[in-house]
Amino acid sequence: MKSNKTYLTLAIIGVFIIFSSFIILKQKEKPTLFLIGDSTVKNGKGKGDGSLWGWGSFIGELFNAEKITVENDALGGTSSRTFQTNGLWDAVLVKIKKGDFVMMQFGHNDGSALDDTARARGTIKGIGMESRDTFNPIKKKQEVVYTYGWYMRKFINDIKAKGATPIICSPIPRNPVKDGKVVLATDSYATWSEEIAKAEKIDFIPLNEIIKDKYAASTADQVKAYFTEKDHTHTNEEGAKLNSLSVVEGLKLLKNNKLQNYLK
């Protein structure tokens, strides 16, 4: 009898181990949506310091947390160049696995100078293959600086090599209220980000256009209420939530993008 009980106990333990292993394996298989970008995606630590918020702080609420993990790795002040040259991208890339998604939004800081003593974060305008040998006064060494499009392609190629899905969002519009009126202007980086996505045959969310359409249907006071009073770029909580909803709106328009399956 003891022998039978022992076998039964061992069998139960074996089934439990197998079942537990299956559960752990399933948990490991859960994909991650990585967000990379500047402060309009994640301002500071993403906790609303100074009432400044990025849309990445709220978009996780729109996904099913039981099916996907949303990780916001954006950092304020970065451009498509410095997110790579300062090691931030390497830190994200090492975590990306097959089946994951990476959503990127850059452009707000790419128009800065290539070699200023404040940040040296600018990129060459456009999506071509031009480069410029530049002295970086912050790192105190020579650096080959490329175009906005070159750095975006680098992200895309790295993501594809990992078996993950890259998605480009055009940069959110800055505060368009001028002299009490909503003045919507063309954004070169919104155009270039779309051109890169088309050239590399990856999904693109026209976030800039989607948000501008909402602004066009609003009064100047309504639009102004989405932004912090500190500058003309950063959104407050209300504006960031509007932008996160706009990202999802654009995501739903994409054909055959599996990320849609993880929305609430």
Side-chain angles (χ1 to χ4, degrees), residues 33-42 54 56 72-96 100-174 186-209 233 247 250 254:
L33 166 60
F34 293 94
L35 306 178
I36 60 174
D38 54 39
S39 58
T40 61
V41 182
K42 180 182 178 182
N72 190 355
D73 291 307
L75 181 67
T78 58
S79 64
S80 63
R81 166 190 169 190
T82 55
F83 199 88
Q84 296 182 35
T85 57
N86 290 345
L88 300 167
W89 176 232
D90 287 339
V92 177
L93 186 60
V94 73
K95 295 183 286 186
I96 298 172
D100 285 342
F101 303 85
V102 182
M103 191 175 286
M104 66 192 86
Q105 183 218 268
F106 288 98
H108 292 101
N109 300 317
D110 281 72
S112 303
L114 303 187
D115 57 355
D116 65 299
T117 56
R119 304 207 186 191
R121 60 187 176 180
T123 56
I124 298 172
K125 292 178 171 54
I127 63 171
M129 300 303 292
E130 301 94 325
S131 64
R132 190 176 304 166
D133 192 19
T134 306
F135 179 75
N136 187 321
I138 296 176
K139 296 184 177 181
K140 301 187 186 313
K141 64 179 182 179
Q142 291 297 122
E143 177 186 351
V144 179
V145 178
Y146 300 93
T147 66
Y148 169 75
W150 188 95
Y151 291 105
M152 296 298 279
R153 285 191 187 93
K154 177 69 164 54
F155 286 129
I156 294 166
N157 292 333
D158 287 347
I159 294 164
K160 286 182 176 180
K162 282 297 193 84
T165 301
I167 303 170
I168 290 180
C169 293
S170 53
I172 67 164
R174 301 178 194 273
T186 301
D187 186 322
S188 296
Y189 290 95
T191 301
W192 292 330
S193 61
E194 181 174 13
E195 289 175 350
I196 284 295
K198 286 182 178 179
E200 299 301 316
K201 296 180 173 57
I202 68 165
D203 283 328
F204 172 72
I205 294 177
L207 185 57
N208 188 274
E209 181 180 348
T233 300
V247 172
L254 299 177

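Predicted, not measured: the structure shown is a model, and the values here were computed from it.
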Can you sort out the partners of [X] under salt bridge (Lys or Arg N to Asp or Glu O under 4.0 Å), two or more places apart, ordered by chain and number?
X: Lys160; value: none
X: Asp73; value: Lys95
X: Arg121; value: none

Taking every non-hydrogen atom, the tightest pair across [X] and [Y]:
X: Ile96; Y: Lys162; result: O-NZ, 3.1 Å
X: Met104; Y: Pro166; result: CE-CB, 4.0 Å
X: Gln142; Y: Asp133; result: NE2-OD1, 3.3 Å
X: Cys169; Y: Met103; result: SG-CG, 3.6 Å

Notebook entry, point to check: Do the rings of Tyr148 and Trp192 sit parallel, tilted or perpendicular, given the 30° and 60° boundaries?
Noted result: tilted
With rounding to the nearest 0.5 angstrom, report the [atom1] to [atom2] distance, [X] to [Y].
X: Glu194; Y: Ile127; atom1: CD; atom2: CD1; answer: 10.5 Å
X: Asn109; Y: Asp38; atom1: CG; atom2: CG; answer: 5.0 Å
X: Phe101; Y: Ile167; atom1: CZ; atom2: CD1; answer: 6.5 Å
X: Leu35; Y: Asn72; atom1: CG; atom2: CG; answer: 5.0 Å
X: Phe135; Y: Lys141; atom1: CZ; atom2: NZ; answer: 11.0 Å
X: Thr186; Y: Glu209; atom1: OG1; atom2: CD; answer: 10.5 Å

Next item on the list: Flag the pair Gln84 / Phe155 as yes when at least one side-chain heavy-atom distance between them is below 4.5 Å, and no otherwise.
Entry: yes
Notebook entry, point to check: Side chains of Ile168 and Ile156: does their closest heavy-atom pair fall under 4.5 Å?
Noted result: yes
Donor-acceptor contact below 3.5 Å, side chain [X] vs main chain [Y]:
X: Arg132; Y: Val145; result: no
X: Thr82; Y: Thr78; result: no
X: Asp110; Y: Ser80; result: yes
X: Gln105; Y: Val41; result: no
X: Arg119; Y: Ile138; result: no
X: Asp116; Y: Ala118; result: yes

Next item on the list: Identify whether the distance between the nearest side-chain nitrogen and carboxylate oxygen of Lys154 and Asp158 falls below 4.0 Å.
Entry: yes
Next item on the list: Identify, with sequence neighbours excluded, every residue that meets side-chain hydrogen bond (donor to acceptor under 3.5 Å, both in side chains) alongside Ser170.
Entry: none
Next item on the list: Kindly write out the residues that satisfy ring pair (Phe, Tyr, Trp, His ring centres under 6.0 Å) with Phe83, not counting sequence neighbours, or none if the list is empty.
Entry: Phe106
Sequence neighbours excluded and cut-off under 3.5 Å, please list the side-chain donor-acceptor pairs for residues 196-203, or say none.
from: Glu200; atom 1: OE2; to: Arg153; atom 2: NE; distance (Å): 3.2
from: Asp203; atom 1: OD2; to: Asn257; atom 2: ND2; distance (Å): 2.5

Next item on the list: Kindly indicate, with the supporting measurements, whether the criterion side chain to side chain donor-acceptor pair (under 3.5 Å) is fulfilled by Asp115 and Thr134.
Entry: CA-CA 7 Å; Asp115 57 355; Thr134 306; 6.0 Å; no
